[in-house]
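Below, chain A is the first sequence line, B the second, and so on; all start at residue 1. Keep in mind it's a predicted model, so treat the numbers as computed, not measured.
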There are 2 protein chains.
Amino acid sequence: MFEKNKSEQLLRQYGLKVTSNRLLVLDVLMSSRTALSHGEIQKKIQGSRLDKVTLYRTLDTFVKHDIAHKVASEDRNWLYALHPIDENDSVRNDHAHFICDYCERIYCLPVETRNTVPLPESEEGFVIRTHEYRLHGVCPQCH
Amino acid sequence: MFEKNKSEQLLRQYGLKVTSNRLLVLDVLMSSRTALSHGEIQKKIQGSRLDKVTLYRTLDTFVKHDIAHKVASEDRNWLYALHPIDENDSVRNDHAHFICDYCERIYCLPVETRNTVPLPESEEGFVIRTHEYRLHGVCPQCH
DNA sequence: ATAATAATGCAATAGAGTTGCAATAACGGT
DNA sequence: ACCGTTATTGCAACTCTATTGCATTATTAT
Ligand SMILES: [Mn+2]
Ligand SMILES: [Mn+2]
Ligand SMILES: [Zn+2]
Ligand SMILES: [Zn+2]
């Protein structure tokens, strides 16, 4: 038996049917350093006839099955990215988002962010379950 | 001379013309514990004939003059809020946002959040200028 | 009161994302 | 290799938030 490619393995591993659309979108996400919007992904796969609705649904499927996650961009669009891998090759659900002030790209940075910002005494009744740390500044591309 | 009300003073202080629309919107924002969407504000001022476009522009004006700030909500709408006041009655530009998993309301919490998450060595070329800390969990209303 | 300027209301428009439904493709079982 | 079940896909129409252009109206300094 031949070894299946990585994207195909990943889909089967998550119990998803292997379709050319999903493989295509997965490849795009895997080869991007930044989180991508629906529109950006469409541009990267122009030529293939993948409908925009199917792309929305494919991305939702990835998020629902926790293959990918989505981040709200500053212009209120969703950006999609696979989970970042840390130095031990393990997935980090807990990480920071870096938003460039110039190109507005969003990077997922595998940074430990837990237990860093305690609530002040005065703010009672708020129970924290998860968090997102968003950093703004200048990215390596824009120096 | 009679003492002007607080909203009117605030507008003059920021060099803005005093209009009934602006006073109305300012009152709504001042009396809310959570950040409000355009739609929520419209509901609260139903009866007044303030056009939806004017409301958008009024909110933008407040943001541009730094009377208020806006936060992207989880469902991709803008939410608007005045700057939170800390225990010394001074404005905090640097604060956290608490997003309730149930009611989805966003609260501005006057929490010190500076310099809490250093980047790892491996992530070079990112220059951090500002940040936003988003906390998710259960708010006091939803216990 | 008047003039200069900014704010406002209305209609049309843009853009991201969603819904319903019929056609098609994936895949386990034979 | 074929079939039947079920999930995926493409298309059209639609929803919803927000924006733009422009003529009208209100605010403020003089
Ligand atoms: Mn991320
Ligand atoms: Mn805030
Ligand atoms: Zn950049
Ligand atoms: Zn709540």
A.B. asks: What heavy-atom pair brings B:Gln141 and B:Tyr107 nearest, and what distance separates the two atoms?
C.D. replies: CG-OH, 3.4 Å
A.B. asks: Can you confirm whether A:Arg49 is buried at CZ, in the sense that more than 12 heavy atoms of other residues, nucleotides or ligands lie under 6.0 Å from that atom?
C.D. replies: no
A.B. asks: Please indicate whether A:Tyr102 has more than 12 foreign heavy atoms, meaning atoms of other residues, nucleotides or ligands, lying under 6.0 Å from its OH.
C.D. replies: no
A.B. asks: Looking at B:Ile67 and B:Leu82, what are the two nearest heavy atoms and their distance?
C.D. replies: O-CD2, 3.6 Å
A.B. asks: Would A:Ile128 end up clustered with A:Tyr133 when hydrophobic side chains under 4.5 Å apart are linked, directly or stepwise?
C.D. replies: yes
A.B. asks: Can you name the nearest heavy-atom pair linking A:Leu23 to A:Ser7, along with the distance?
C.D. replies: CD2-CB, 3.6 Å
A.B. asks: What is the distance from CG of A:Asp75 to C1' of D:dA18, rounded to the nearest Å?
C.D. replies: 12 Å
A.B. asks: Take atom CG of B:Asp51 and atom P of D:dA18, then tell me their distance rounded to the nearest Å.
C.D. replies: 15 Å
A.B. asks: Please report the distance, rounded to the nearest Å, between NZ in B:Lys70 and C1' in D:dA18.
C.D. replies: 10 Å
A.B. asks: Using whole Å, what does the distance between atom P of nucleotide D:dA18 and atom CG of B:Leu36 come to?
C.D. replies: 13 Å
A.B. asks: Could you check which residues of residues 52-62 of chain B get a heavy atom under 4.0 Å from DNA chain C? Sort them by number, please.
C.D. replies: B:Val53, B:Thr54, B:Arg57, B:Thr58
A.B. asks: Using modelled atom types and a 3.5 Å cut-off, is there a donor and acceptor pairing between side-chain atoms of A:Arg22 and backbone atoms of A:Lys17?
C.D. replies: yes
A.B. asks: For the residue pair A:His95 and A:His69, does the interplanar ring angle fall in the parallel (under 30°), tilted (30 to 60°) or perpendicular (over 60°) class?
C.D. replies: perpendicular
A.B. asks: Please write out the pairs of protein N or O atoms and N or O atoms of nucleotides 23-30 of chain D separated by less than 3.5 Å, giving the distance to one decimal.
C.D. replies:
unit_1, atom_1, unit_2, atom_2, d
D:dT28, OP1, B:Val18, N, 2.7

A.B. asks: D:dT19 P sits how many Å from B:Lys64 NZ, rounded?
C.D. replies: 12 Å
A.B. asks: Using 0.5 Å steps for rounding, measure from the CD atom of A:Glu104 to the SG atom of A:Cys142.
C.D. replies: 10.0 Å
A.B. asks: Return yes if a side-chain donor-acceptor contact under 3.5 Å exists between B:Thr19 and B:Asn21, otherwise no.
C.D. replies: no
A.B. asks: What are the bounds, 5' to 3', of the part of DNA chain C that sits under 4.0 Å from heavy atoms of chain B?
C.D. replies: C:dT5 to C:dG17
A.B. asks: Strictly below 4.0 Å, N to O, side chains only: are A:Glu40 and A:Lys44 in salt-bridge contact?
C.D. replies: no
